[in-house]
Protein chains: 2
Amino acid sequence: MAEQPAGPVLDDQVCFALYAASRAVTALYRPLLDDLGLTYPQYLVLLALWERDELTVKDLGRALQLDSGTLSPLLKRLEKLELVRRERRSDDERSVLVTLTAKGDDLRAKAVPLPGLVGDAMGLDGAGLDELRTTLRELTDSVNAYRAALPQ
Amino acid sequence: MAEQPAGPVLDDQVCFALYAASRAVTALYRPLLDDLGLTYPQYLVLLALWERDELTVKDLGRALQLDSGTLSPLLKRLEKLELVRRERRSDDERSVLVTLTAKGDDLRAKAVPLPGLVGDAMGLDGAGLDELRTTLRELTDSVNAYRAALPQ
DNA sequence: CATAACTGAGTTGTGCGCAATTTAATTTGG
DNA sequence: CCAAATTAAATTGCGCACAACTCAGTTATG
């Protein structure tokens, strides 16, 4: 019998592998996004807006799984960078519509090469990436369903 | 031909799937760790210490891929909770040895059920978890090698 | 129509992550 | 042996994440 620590082991944990992988990928994006003057979460917000201009803070929160406590200050910074505009909806003054400025729209072209570069660095072929993305999405859905079932 | 946004799409990105999965798993751990009075990164530090007491800050940084800017204040909080002790090494006063207190050691027993619970919530069987962990570790290594090759 | 319930943003406070800098201790080279 | 280079922690500053709370606007109900 091998020695066996009387508890969980760091390197056995899928949760740690996820945590480490996520931070490694973000760290790879960092110098690339620096050239665009963006952080990684800001880049994700712009990804959502490039896909469809005119999203409310609530829409962005649903797409990125982030709440207003994270998004409100982040969007203020993007507004200060003149990449997005924020305005209350006239038909429902509770909602804030976020739209791209011309400057924000222009940034899209500079972002096009990023996913390819990062995909290469991951050391997986197209099929491997597809499979990993599918597995991760199923895992996320499963975990979130489990979470929703737990609390009061 | 379907419409195609002239740029990267959020839901196509493996990087976003990683980011979302990592946060979902951390969020599942949160209420469980609340019962132990720990945050997720604090739990990771204790995982490393349960495996082998007596690690320097540098050792912990290597194991968790975190720098002293993150670890120093985190370890101070663990010390204030009386879960770890910190002391300079007598043979090299630059290094700080982190060791478990009895209270920190006792917490291990309460942490034993956590990985099983979280594994269940992920909706993967043992083989699926093994494969995912292997894929993620290879991805992390590949990305970090790529990063090391880039800068000055 | 009044008021209670709900909804969407924003604010506050805490704890990461990480770059950049500082300080002290050790090692190396001349 | 001493100055320069290296190393290990700690500190500072910024931007997330997220819980808890506030506030204004909207909807539902009696």
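Below, read A as the first sequence line, B as the second, and so on, with proteins coming before strands; counting in each chain starts at 1.
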Q: For B/Arg88 and C/dT26, give me the distance from atom CZ to atom C1', rounded to whole Å.
A: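 The distance from CZ of B/Arg88 to C1' of C/dT26 comes to 13 Å, rounded to the nearest Å.
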Q: From the list D/dA9, C/dT11, D/dT26, which nucleotide is the closest neighbour of the side chain of A/Glu93?
A: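 Nearest listed nucleotide: D/dT26.
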Q: If you assign A/Arg94 and A/Gly69 each to the DNA chain C nucleotide with the nearest heavy atom, which residue ends up on the more 5' nucleotide?
A: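 Closer to the 5' end of DNA chain C: A/Arg94.
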Q: Can you tell me whether the side chain of B/Ser68 and the base of D/dA10 have a donor-acceptor pair closer than 3.5 Å?
A: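 Yes.
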Q: By a strict heavy-atom criterion of less than 4.0 Å, which residues belonging to residues 18-38 of chain A are in contact with DNA chain C?
A: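 Correct list: A/Tyr19, A/Arg23, A/Arg30.
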Q: Between C/dT12 atom P and A/Lys76 atom NZ, what is the distance in whole Å?
A: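 Answer to the nearest Å: 9 Å.
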Q: Among D/dA17, C/dA25, C/dA9, which nucleotide has an atom closest to any side-chain atom of B/Asp92?
A: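 Out of D/dA17, C/dA25, C/dA9, the nucleotide with an atom closest to B/Asp92's side chain is C/dA25.
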Q: Whole-Å distance between D/dC14 C1' and A/Gln42 CD?
A: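 Whole-Å distance recorded here is 11 Å.
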Q: Give B/Thr70 one of three labels, base, sugar-phosphate or nothing, depending on what nucleic acid heavy atoms sit under 4.0 Å from its own.
A: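 Base, at least one base atom sits under 4.0 Å.
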Q: Expressed in angstrom and rounded to an integer, what is the separation of A/Leu71 atom CG from D/dA19 atom P?
A: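 About 14 Å, once rounded to whole Å.
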Q: Between A/Phe16 (CZ) and C/dG17 (P), how many Å, whole number?
A: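 It is 11 Å, rounded to the nearest whole Å.
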Q: Taking the nucleotide of DNA chain D with the closest heavy atom to each, which residue, B/Arg86 or A/Ser90, is nearer the 5' end?
A: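 Nearest-nucleotide comparison on DNA chain D picks B/Arg86.
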Q: With nearest nucleotide decided by heavy atoms, which residue, A/Thr39 or A/Asp91, maps closer to the 5′ end of DNA chain D?
A: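 Comparing both residues, the 5'-ward one is A/Thr39.
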Q: Round to a whole Å and report the spacing from CG of B/Asp67 to C1' of D/dT12.
A: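 Answer to the nearest Å: 13 Å.
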Q: Considering only NZ, NE, NH1 and NH2 on the basic side and carboxylate oxygens on the acidic side, decide whether B/Arg88 and B/Glu93 come within less than 4.0 Å.
A: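 Not counted as a salt bridge, because no side-chain N and carboxylate O are separated by less than 4.0 Å.
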Q: Any carboxylate oxygen within less than 4.0 angstrom of a Lys/Arg side-chain nitrogen, looking at B/Arg133 and B/Asp130?
A: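 A salt bridge is present here (some side-chain N lies under 4.0 Å from a carboxylate O).
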Q: Can a donor-acceptor pair be found, under 3.5 Å and without considering hydrogens, that links the side chain of B/Thr135 to the backbone of B/Glu131?
A: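 Judged by distance alone, yes, a pair lies under 3.5 Å.
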Q: So does B/Arg62 pair up with B/Asp59, basic N to acidic O under 4.0 Å?
A: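 B/Asp59 and B/Arg62: salt-bridged.
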Q: Check whether any side-chain N or O of A/Thr56 sits under 4.0 Å from OP1 or OP2 of C/dA9, and answer yes or no.
A: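 So the side-chain polar atoms of A/Thr56 do come within 4.0 Å of the phosphate oxygens OP1 or OP2 of C/dA9, strictly under.
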Q: What integer distance in Å separates A/Leu78:CG from D/dG15:P?
A: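 Going from CG in A/Leu78 over to P in D/dG15 covers 11 Å.
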Q: Check the distance between C/dG8's P and A/Arg89's CZ and give it to me in whole angstrom.
A: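 Checked: the CZ to P distance equals 10 Å.
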Q: Checking the side chain of A/Arg23 only, and the main-chain atoms of A/Leu18 only, is there a donor and an acceptor separated by less than 3.5 Å?
A: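 Checking the backbone N and O of A/Leu18 against the side chain of A/Arg23, no donor-acceptor pair under 3.5 Å is found.
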Q: Parallel, tilted or perpendicular for A/Trp50 and A/Tyr43, by the 30°/60° rule?
A: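 Judged by the thresholds at 30° and 60°, the geometry between A/Trp50 and A/Tyr43 is perpendicular.
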Q: Main chain of B/Val9, side chain of B/Gln13: is a donor-acceptor contact present, judged purely on distance under 3.5 Å?
A: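 Yes, the answer is positive, given that a donor and an acceptor are paired below the 3.5 Å cut-off.
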